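Scroll down for the structure; my scribbles are underneath it.
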Amino acid sequence: MRLGLALGYWGRGPSSGHLPLAQEAERLGYDSVWTAESWGSDAFTPLTWIAARTSRIRLGTAVAQMAARPPTTTAMHALTLDHLSGGRMMLGLGLSGPQVVEGWYGRPFPASPLTATREYVDVVRQVLRREAPVELAGRFHAHPYRGPDATGLGKPLKPITRPLRPGLPVLLGAEGPKNVAQTVRIADGWLPLYWSPTRPEAYGPALADLPEGFVVAPMAQVRVCRDVAEGLLPVKAMLGFYIGGMGHASRNFHADLMARMGYEEEARRVQELFLSGRREEAVRAVPDAFADEISLVGPRERIAERLQLWRKGPVTDLLALAPDPASLRVLAELSS
């Protein structure tokens with residue numbers, strides 16, 4: 001099981017600790033480092049900054065939001081950074097949800113998310129292969145565009161720049177069983193937001209027969225500490241925000257996943273509290289048991305024991321949300 005460092009996205013401003021953490025992860029032998037985006041910092045610029053100051057560690061987006069860019073633009077970002085980094089780029093994509101897509105990007109959330117994702121990946125792969133001009137008679141990502149307001153002058157094009165690697169890895173963030181099943185069919189890997197090594201059935205039957213070389217790379221908060229309950233507080237804060245605030249009361253993919261993992265009543269309670277403005281109560285309502293099974297928190301010996309569970313399943317890469325160099329080092333030592 002390879003190790004990766006997940007840096008996420010910025011909060012109120014740039015994090016001065018991200019670059020030193022990435023450099024330390026490379027020194028410790030971590031395989032990859034990942035950036036993200038929501039509605040603030042973007043995923044590609046910090047990754048380029050890290051690429052310029054490292055030499056070996058692979059670089060991934062976990063995830064770049066599909067609504068933020070047309071698929072050709074995303075492919076341009078990926079092939080450019082792949083060249084600049086000497087072939088270290090991995091492209092992780094995610095659809096996000098209606099709240100972000102319509103509220104932040106000002107675009108309609110696709111009526112058929114599976115079709116929209118499939119078309120997006122198709123166009124990205126066409127750009128990266130550069131075998132012919134990009135053409136797709138798609139419902140959401142038609143190339144050339146031939147809608148009712150089109151000029152009729154659109155012409156199929158292929159990238160001027162030759163991609164360094166036509167097979168640059170494309171991974172998808174997916175939560176629902178149908179989305180996970182499609183990810184196994186069309187992508188090179190899967191980026192689970194929450195992974196419980198004891199509940200693989202929550203993600204559907206597709207994980208029972210994965211293609212050779214398929215990457216399963218969940219993120220998990222890692223924290224070496226004496227007090228497990230105290231160490232879980234940041235995990236619970238994250239879950240409270242995602243389950244309570246990253247979506248509408250009637251449509252929240254994160255809350256739905258928590259429900260499928262056996263915590264339906266608790267998920268709805270967290271949503272109810274968060275959406276009513278009682279955010280601290282929402283965080284406290286996140287069960288310690290749920291926060292614990294999707295993270296690695298506690299004394300060194302406890303983390304070592306729990307790592308065995310992660311190694312038994314389909315996980316190929318553990319992406320550590322590690323807030324401090326000490327936890328990063330302990331995880332590297334336990335995995336060596």
Side-chain angles (χ1 to χ4, degrees), residues 4-19 21-22 25 32-54 57-82 84-85 88-110 113 116-117 120-121 123-124 141 168-175 179 183 187 189-194 217-221 237-239 241-243 245-247 252-254 319-323:
L5 169 64
L7 294 173
Y9 44 79
W10 296 351
R12 295 186 177 184
S15 173
S16 60
H18 279 184
L19 179 58
L21 270 180
S32 58
V33 58
W34 303 75
T35 56
E37 60 189 8
S38 54
W39 53 88
S41 61
D42 77 284
F44 290 100
T45 308
L47 203 60
T48 305
W49 188 258
I50 292 168
R53 287 159 175 79
T54 56
I57 197 165
R58 293 196 296 163
L59 312 155
T61 54
V63 293
Q65 295 180 332
M66 290 184 242
R69 309 161 187 86
T72 46
T73 306
T74 296
M76 289 165 63
H77 280 304
L79 74 85
T80 301
L81 185 47
D82 202 41
L84 293 175
S85 66
R88 292 189 278 152
M89 178 65 193
M90 297 176 288
L91 181 60
L93 301 170
L95 194 60
S96 193
Q99 182 188 48
V100 176
V101 173
E102 297 183 1
W104 181 248
Y105 294 115
R107 301 184 58 187
F109 187 77
T117 299
Y120 199 102
V121 172
V123 172
V124 168
H141 300 291
L168 185 153
V170 177
L171 302 91
L172 293 174
E175 294 184 38
N179 204 344
T183 296
W190 175 42
L191 296 162
L193 181 60
Y194 312 136
M219 286 179 280
Q221 291 206 35
M238 177 272 292
L239 287 169
F241 175 64
Y242 272 76
I243 292 162
M246 280 285 222
N252 184 311
F253 303 132
H254 311 301
L319 310 187
L321 285 159

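Predicted, not measured: the structure shown is a model, and the values here were computed from it. Heads up: numbering here begins at 1 and tracks the sequence.
- Remark: the backbone N or O of Phe109 is paired with a side-chain donor or acceptor of Glu102 at under 3.5 angstrom.
- Closest non-hydrogen pair, Phe44 versus Ala78, comes out as CE2-N, 4.4 Å.
- Between the CG atom in Leu319 and the CG atom in Leu191 there is a gap of 6.5 Å [rounded to 0.5 Å].
- Between Ile57 and Ala22, the closest heavy-atom pair is CD1-O, 4.3 Å.
- A 4.5 Å side-chain heavy-atom check between Leu93 and Tyr120 finds at least one atom pair inside the cut-off.
- Legend: residues meeting salt bridge (Lys or Arg N to Asp or Glu O under 4.0 Å) with Asp42, ordered by chain and number and at least two apart, are absent.
- Note: Ser38 OG to Trp104 CH2 = 8.5 Å, rounded to the nearest 0.5 Å.
- Within the 4.5 Å cutoff, side-chain heavy atoms of Trp10 are placed close to those of His18.
- Nearest heavy-atom pair, Ala174 versus Thr183, reported as atom, atom and distance to 0.1 Å: CB-OG1, 3.5 Å.
- Residues Val100 and Trp39 meet the side-chain proximity criterion, which asks for heavy atoms closer than 4.5 Å.
- A 4.5 Å side-chain heavy-atom check between Tyr194 and Leu239 finds at least one atom pair inside the cut-off.
- In this structure, CG in Leu7 is found 10.5 Å from OG in Ser41, a value given to the nearest 0.5 Å.
- Within the model, atoms CG of Leu19 and CH2 of Trp49 stand 8.0 Å from one another, a figure rounded to the nearest 0.5 Å.
- For the atom pair Asn179 CG and Leu95 CG, the distance stands at 7.5 Å (nearest 0.5 Å).
- Residues Ser85 and Ala51 approach most closely at CB-CB, 4.2 Å, considering heavy atoms.
- Here the options are Leu79, Val170, Leu91, the test is side-chain contact (heavy atoms from CB on, under 4.5 Å), and the partner is Thr74; only Leu91 passes.
- Looking at every heavy atom in both residues, Pro108 comes nearest to Val101 through O-CG1, 3.8 Å.
- The closest side-chain heavy-atom distance from His77 to Leu47 is not below 4.5 Å.
- Contact annotation: the side chain of Met89 approaches that of Thr61 to within less than 4.5 Å [non-hydrogen atoms, C-beta and beyond].
- In this structure, the side chains of Met90 and Ser32 come closer than 4.5 Å at one or more pairs of heavy atoms.
- In this structure the side chain of Leu172 reaches within 4.5 angstrom of the side chain of Val121, judged on heavy atoms.
- Within the structure, every pair that satisfies the salt bridge (Lys or Arg N to Asp or Glu O under 4.0 Å) test and touches residues 59-81, not counting sequence neighbours, is listed here: Glu37-Arg69.
- Met238 CE to Leu193 CG: the interatomic distance, rounded to the nearest 0.5 Å, is 6.5 Å.
- Partners of Arg88 under the salt bridge (Lys or Arg N to Asp or Glu O under 4.0 Å) rule, at least two apart in sequence or in another chain, do not exist in this structure.
- Heavy atoms only, all atoms of each residue included: Arg107 and Ala67 are closest at NH1-O, 3.4 Å.
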